[in-house]
Every structure is written in structure tokens, then in C-alpha cells.
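Worksheet: the structure to be examined is printed underneath.
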Protein chains: 2
Amino acid sequence: MIMNTYELLGEERSLIATLNDVAKLANVSKMTVSRVINHPDKVTNDLKQLVYQAMHEVDYHPNMAAKALVNNSTQIIKFCVLEDIDTTEPYYMNLMIGIARALDAQQYSLQLVTRQNFDIGNCDGYVVTGMRKKDFDWIGNLKKPVVIFGENRFGFDYVDTNNKAGTFMISELAVKRGYKRLIFIGMDSHESFEYSREAGYLQLIQENQMVSEIHRFDNHSHLSQQFIIENWDDFGPDTCFICASDRLALGAERGIESCGGLIPVDYGVTGFDGVFLNQVAFPRITTVKQSIVEMGMACGEKLLNKIVNHIDKDGSLMFEPKISMGGTVRDSSK
Amino acid sequence: MIMNTYELLGEERSLIATLNDVAKLANVSKMTVSRVINHPDKVTNDLKQLVYQAMHEVDYHPNMAAKALVNNSTQIIKFCVLEDIDTTEPYYMNLMIGIARALDAQQYSLQLVTRQNFDIGNCDGYVVTGMRKKDFDWIGNLKKPVVIFGENRFGFDYVDTNNKAGTFMISELAVKRGYKRLIFIGMDSHESFEYSREAGYLQLIQENQMVSEIHRFDNHSHLSQQFIIENWDDFGPDTCFICASDRLALGAERGIESCGGLIPVDYGVTGFDGVFLNQVAFPRITTVKQSIVEMGMACGEKLLNKIVNHIDKDGSLMFEPKISMGGTVRDSSK
DNA sequence: TTGTAAGCGTTATCAC
DNA sequence: GTGATAACGCTTACAA
């Protein structure tokens, strides 16, 4: 059918439709077509209909390179993972899927960069994650819009889980299920998210007039495991370990089991993240689940908003976490 | 300095240097500069020197959008993960980092797509992974160059680990370390890589005139764990479980430990992958380690080669795996 | 409201 | 071996 239309008009068909093809088919100028796409309010409805139909008929898709050229843009977003590859958490993949999904809508493409290749090639904006304090200097000097994944107190727009609410919720759950002693196993880091997770635990502890106990380790499962084993005599039944990550929770779980402790009957373990690791554990870890893909989409949308609308500060976004029930906290108060 | 040069010449400086800027500075035409970049053999050495110097002086970087426009290309590669997000293994992240690194060299950018958004937007080529048999139909119909990550027997160029060599090596290690019975725990899938991993085990078994024992499960740790527990009575000391993935190995390890078996003294466990999961296990899993980042780079390079040089078939690439020593196979024959 | 013309930065083509 | 010109597909600025 399309071929026929073209033949009737005596036009030549390019392999891939351009503005011109649409324009000819609709008997208007290129500009009208362009306007229908970019400023639809400035075109009469009659013409708009014609143009839409023509676009559909030739399966028109804008050429992003041409657009980028004339707009002096790149249509590229860099996703910068500053953390070491070795420690790369699996959830980055989900985060990327979310970002990519948001960018697709506007035909932006996502470029994955690390510290090494950060500078190669141009882009229109950045999503940055895995930042440490020392990074905020040079990030602040970037000339393109930036959205940070992960809360920070340096004034950068960010997207994150409500970390404090997460540990509060899950600590509350532990108390409701009858655990009498809550021990926090945190990450030995000075980053915002860690402080927030501790704060959630502390708030619950205070509201219940319990005693806070906080221990911190690098985020490796064998360290929490070792801690449990070495101090096993100190931990009576009805103790629940509130861990700041699933990795630490995994170690805690293993430590308790190797000491012969019963999970969840006598001992509870909770994690934080809810991506992959909690599912690999046995029993599955009861954890604070983050909506990583949604957060990724939010990062992408927020960044596009800044780019397209030339917005400088767009504010930050906190996602409310949910509890993912596993088998490391008992079902009801015993 | 740059400013001065410009002022002397009485030129206006655009914010970002173009071919024109370089040309004027070097007192040549745009075309000469372009040729220096794309066909350096067609320019005299004298001019080349001049141009290089000028490029350096104004910090010239080619505008990829303009390039893409005139070359009718997109400078975009789609990385297509067909596997379910839920099962997404952490190693995809490393793979992406490798691909991205290769693409950066040629200023291509990587777009992450899934089944859902596969069709949105244009691209110059694809890297595809997580394919199942049924996918080969439509992949074959793509009009752009494709490189598959993961071996296949459908004639597509691929990059993969030498799976057979991997399980052969690690089975051999188990025998050398004195385990008398080798049980293969495979994945219940009909994909090439699984067959290859079984084949490596079988070859070692035959060469040593041992008896092969193969069990298959979906790739979940609790299934291998369950299998070990339910059949524990059947497994005497000096048994080593050769697993087709780290996930299955993790389950096997847990199963053995929960039955009171001693690892690695009496029981051995080996995995396959060497990304993340093996390190989370305790003791760390002795596994077949794949060079994921390198393989990613190879995917990228191979694809670019096909695109730039219009090569249809470029052959496949097998990476030789290495054994990563953990604590689940004993150090020497007991 | 719609159309015309110029130009974004690059490369292929064809002169010289 | 080098340079002028046109073209890639699109949008802004201006003219009708």
C-alpha cells in the first residue's frame, strides 16, 4: 500500500523515512511536520491530523543524529559507577535498566562509564552512583546536569530509598515479633545512607526504651559471620540482628547457624537491599526491599527534566521501601 | 595561549572547536583536517604535523552527531539482555563494563535494552545475551550486525568461555586432590553452554575410567542444597560435587555443611562463573573463573569490526577460563 | 498559521 | 595531494 501511494505520487522512496517524505505525503512543508512534533500547539488540527497519518503511513522516526547536530546536544547520558568493579553490587544492573527505560522514551542513550573512562566523549548529563565524600568536589565542577543515586548532604539532587524509614520499619517488625534484643550490624562507612540506616534503628530503639547496640564492619559477609561466632556466648535467644545490608545479613545468618542457633525461632536476622543476595540465602533473608528499577527510572526522568527544561535544581526523591518477607524473622510473636 | 592565537588571527572562537577551527589555525581546508583523521595516508607528512598540532591546540574532538548524520549511522550499540531481570546474574554488569570500554574507543555508546524496549530507537549493531533456543529465529532476522555473548550452534558469531575446558580442568583438579567420586550438578537447561560444561566433566571421567553421575536442577541454590540433604546417606567422604554454576555450588556447600560434612577435608565443591557469588560464600568457592570484562571488550571489538569494515561473519572467540582457588577443594591429596 | 532559507559539523565527490 | 561544493535530516529565524 505504501509503495502504491508513492508510485502514484511519482516520488522516490528513501530507505528510511525523513521529514521530507512525511511532508510530501501530507502535502505540507517540512516545517509543518517538524512543528507537529515539537510545537503541536502551533499547528491547526486539520493539518495535524494529516501529518500524523502521513507519519504513521511511512513509519517515520526522527533522526536523532540530525536533531542532536542542530540542537548542539549529544543525546547521551553517562551512567557513572564510581565504586570498584570488584565490589560492584548486583543491583546496579537493575538501576541501569530503570534509567535506560526512562531515557528510551526520549531517545536518549545510556553510556556506562567508570573512573577510568569518565572523560572520553561528550554527553548531555550524568547519573552518578557509588560516590564517596571525596568525589563531591569534582562532581560539583561538572558543567552538565547531574543526578546522584544515593542520598547526600552536599546539596546535589538525588534519588534514594528512605533509608531511615527502612530500618525503622524492619526493627519495628522485629520487636513486634517478640525479639527482645536488637543488635545493629552496620557498615563501617561514613556515607549518608549508613547514618540514615542507623538513625532508623536508633529511633525505634528509643521509642521502645531499649538499649542500642551498634557494631560496624566493612561490607563483607565473612566479617559479620566472624563477629557472631566470636561473640556467640553473649547472644541469648530472642536476639535479632538488624543488618545494614543483605551481605552482612548473609554472614550473620551463617554465623548463627554454624553456632547452632535456630533461625527464626530463637534468633532473627534482617537485611537491607532486597536484590539478589537475599534470595540466594537460605532461608531467604527478611529484608528491606528497595524498588531499584523504579528508582532508576526516577533518576532518568529527573535528569531529562533538568536537561530539557534547563532546570538547575529539581529537588530530591525518596522512595519508601517495603519489607520483603523471608524466613529469618518469625511469623508471629512466639 | 589559545585565546591569544585566536586574537592574533582575528578569528571568533566557538565554544567547542570544530573542523573549521582546526583548519583555519593550520591554514588548510576542512577536508585536509578530515582526511588527516580518516585517511591519514592521503595527506603529506608536513601537513599532517601541522594539523595534529592545531587539533591539539584547540583541543579538537569530532562531533559525533555530525559524523553520524553524514555517515547514516547512529553510533549506538544495543546491549540486549533477554534473560529475566529477576534472574539477572551480577556478571552482566561486568560484561557491560567491558563492552562499554571497547565502544568508548570509537565513540560508540551503549544502550541497554530488554525484550520490552528492544525496538525503540535505531542502532548500528547488537550484543545479545541470555538467549534461548527460541530466540534464534528473530535474532537471525535483524538487519544489523550481531555478536552473541554465549556459545551457540546456530552459526552466530559469539564470544564465550571455553566451557568444556573449564569443567575438565576443575574436575581434573578434584581428582588430583584425591576425591574418588565426582558428581556433576548441572543446570536443567538445553542450552549449549550447559552441554559443554557437562562434556568437560564427562571427558575427565572417561579418561580416568570413573563412573559419571549427572543430576540437573534449575539454577537455584536451594535445589542443589535440597538434593544434597535428601541423599546425604549416599555420599561418603572423598566425594566432590562439580557444579555447573556458583549458585548451585553455593547450595551444595550449604547442604553439606548442614549435614555435618567437612569441607574441604571430606567433601569438595566446585563452581563455575567466578563473579561475586563465589566470593560471598564461606568458605569461598573454588570455581572456574571467567574473564567477564575481557569477554565484554571482545564482544565490543568484534561488533565494531563488523560494523566499520562491513564484515558479515567474523568467527567466534573462546576465552580460556582459569581456576580460582577458594576453600572448597583441599590443598593437596590427603 | 504556514512556508522559505540558512546553517549545525562532518564527509564523499569531483575538480584542480 | 589538496580544496571547493553539496549533501546528510533537522530546527531556528524570519518572511509571507
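Because the structure is a prediction, the values reported are computed rather than measured. Just so it is clear: chains get the letters A, B, ... in the order the sequence lines come, proteins before strands, and each one is counted from 1.
- Counting non-hydrogen atoms under 4.0 angstrom, B:N38 reaches the backbone sugars and phosphates but no base.
- The aromatic rings of A:Y92 and A:F79 sit perpendicular, their planes meeting at an angle over 60°, well past the 30° parallel limit.
- Projected onto DNA chain C by closest heavy-atom contact, A:M31 and A:D41 fall at different nucleotides, the more 5' of which corresponds to A:D41.
- The side chain of B:H39 contributes an N or O atom lying less than 4.0 Å from OP1 or OP2 of C:dA12.
- Residue A:T32 has its side chain nearest to C:dT2 when only D:dA4, C:dT2, D:dT2 are considered.
- Side-chain proximity of B:L69 to D:dT2, C:dG9, C:dG3: nearest is C:dG9.
- D:dC8 atom P lies 11 Å from atom CG of A:D21, rounded to whole Å.
- The closest side-chain donor-acceptor pair between A:D41 and A:H39, if any, does not fall under 3.5 angstrom.
- With D:dG3, C:dT2, D:dC10 as the candidates, the nucleotide lying closest to the side chain of A:P62 is D:dC10.
- Taking the ring centroids of B:F149 and B:Y158, they lie at or beyond the 6.0 Å cut-off.
- Going from atom NZ of A:K24 over to atom P of D:dG9 covers 11 Å, rounded to whole Å.
- At a cut-off of 3.5 angstrom, the base of D:dT2 holds no donor-acceptor pair with the side chain of B:K42.
- Using a 3.5 Å distance cut-off with no hydrogens or angles, the side chains of A:N122 and B:Q107 do not pair a donor with an acceptor.
- If you take CE of B:M64 and C1' of C:dC8, they are 16 Å apart, rounded to a whole angstrom.
- Side chain of B:T18, nearest nucleotide from D:dG9, C:dT4, C:dG9: C:dG9.
- In this structure, B:T44 reaches the sugar-phosphate backbone alone: every heavy-atom distance under 4.0 Å involves primed, P, OP1 or OP2 atoms, never a base.
- In this structure, the nucleotide among D:dT12, C:dG9, C:dT11 sitting nearest to the side chain of B:N71 is C:dT11.
- With C:dT11, C:dG3, D:dC10 as the candidates, the nucleotide lying closest to the side chain of A:S29 is C:dG3.
- Relative orientation of the B:Y126 and B:F118 rings is parallel, given thresholds of 30° and 60° on the angle between their planes.
- For B:L19 and D:dA7, the CG to P distance is 20 Å, given to the nearest whole Å.
- Residue B:D46 contributes atom CG, which lies 9 Å from atom P of D:dT2 at whole-angstrom precision.
- The only member of A:D124, A:D312, A:D157 that meets side chain to side chain donor-acceptor pair (under 3.5 Å) when paired with A:K306 is A:D157.
- Closest to the side chain of A:N63, out of C:dT10, D:dC10, C:dA12, is D:dC10.
- Following rounding to the nearest Å, A:Q75 (CD) and D:dG9 (P) show an atom-to-atom distance of 17 Å.
- The B:R35 side chain lies nearest to D:dT2 when the options are C:dG3, C:dA12, D:dT2.
- For A:K67, the side-chain atoms get nearest to D:dT11 when compared with the rest of D:dT11, D:dT2, D:dG3.
- One can place CG of B:N20 at 9 Å from P of C:dC8, the figure rounded to the nearest angstrom.
- Closest approach to the A:L47 side chain among D:dT2, C:dG9, C:dT2 is made by C:dT2 (side chain taken as heavy atoms from C-beta onward).
- Nucleotide C:dG7 holds its C1' atom 11 Å from the NZ atom of A:K30, rounded to whole Å.
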